[in-house]
J.: 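Questions regarding the structure given below will be posed in turn.
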Amino acid sequence: LTYQGKKEGSAGFAIIQAFFPSHKGAQALGQTLFGKENRWGKLPITMYPHHYISEQAMTNYDMSASPGRTYKYYQGKPLFPFGFGLSLTSFNL
């Protein structure tokens with residue numbers, strides 16, 4: 001995926017995975033993108049590196065068998081771990 005019209009020094013762009021946003025998803029996503037809400041959250045899944053598919057058979061459902069499944073048992077370094085994310089705002093305590 002490329003973006004041809006980007007000018008040097010201009011704001012970046014993003015790909016947003018909204019998972020299953022339901023019937024109110026478009027409104028919520030619009031409010032978030034245009035800065036009316038701060039709904040950016042944490043990743044609800046673990047994203048594994050590409051080589052994971054050759055290390056773990058998709059028919060093997062043993063969670064703890066090496067290299068492991070899910071954030072709890074995976075022994076390698078995930079591409080993005082469960083709970084990864086950021087907020088597009090700053091917080092003061």
Side-chain angles (χ1 to χ4, degrees):
L1 183 64
T2 62
Y3 177 63
Q4 298 294 333
K6 187 171 182 335
K7 296 178 182 169
E8 193 171 327
S10 65
F13 63 96
I15 297 174
I16 298 171
Q17 172 58 277
F19 294 96
F20 184 70
S22 76
H23 68 285
K24 293 277 191 176
Q27 179 182 359
L29 187 57
Q31 289 174 340
T32 303
L33 288 173
F34 293 105
K36 298 201 180 262
E37 297 287 339
N38 181 21
R39 301 175 201 264
W40 302 106
K42 306 296 184 184
L43 194 60
I45 59 172
T46 298
M47 294 183 141
Y48 302 101
H50 182 70
H51 60 82
Y52 178 78
I53 60 175
S54 62
E55 294 175 353
Q56 179 74 286
M58 291 294 120
T59 55
N60 178 10
Y61 293 103
D62 183 354
M63 295 292 185
S64 60
S66 183
R69 263 191 207 282
T70 78
Y71 70 96
K72 186 172 182 180
Y73 297 107
Y74 184 57
Q75 299 163 0
K77 181 169 172 49
L79 204 54
F80 296 101
F82 176 85
F84 180 84
L86 57 96
S87 178
L88 299 178
T89 189
S90 56
F91 299 94
N92 294 316
L93 297 176

J.: Atom OH of Tyr73 and atom OG of Ser66: how far apart are they, to the nearest 0.5 Å?
T.: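 Going from the OH atom of Tyr73 to the OG atom of Ser66 covers 14.0 Å.
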J.: For Ala26, enumerate each residue passing the side-chain contact (heavy atoms from CB on, under 4.5 Å) test, keeping only those at least two apart in sequence or located in another chain.
T.: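 side-chain contact (heavy atoms from CB on, under 4.5 Å) list for Ala26, sorted by chain: empty.
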J.: Show which side-chain atoms of residues 44-51 pair as donor or acceptor with protein atoms under 3.5 Å away, not counting sequence neighbours.
T.:
| residue | atom | partner | partner atom | Å |
| --- | --- | --- | --- | --- |
| Thr46 | OG1 | Phe82 | N | 3.4 |
| Tyr48 | OH | Thr70 | N | 2.8 |
| His51 | ND1 | Glu55 | OE2 | 2.9 |

J.: Report the distance from atom OG1 of Thr32 to atom CD of Gln27, rounding to the nearest 0.5 Å.
T.: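 Nearest 0.5 Å value for the OG1-CD distance: 10.0 Å.
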J.: Do you know the tightest heavy-atom contact between Tyr74 and Gly68?
T.: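 Reported closest heavy-atom pair: CD1-O, 3.7 Å.
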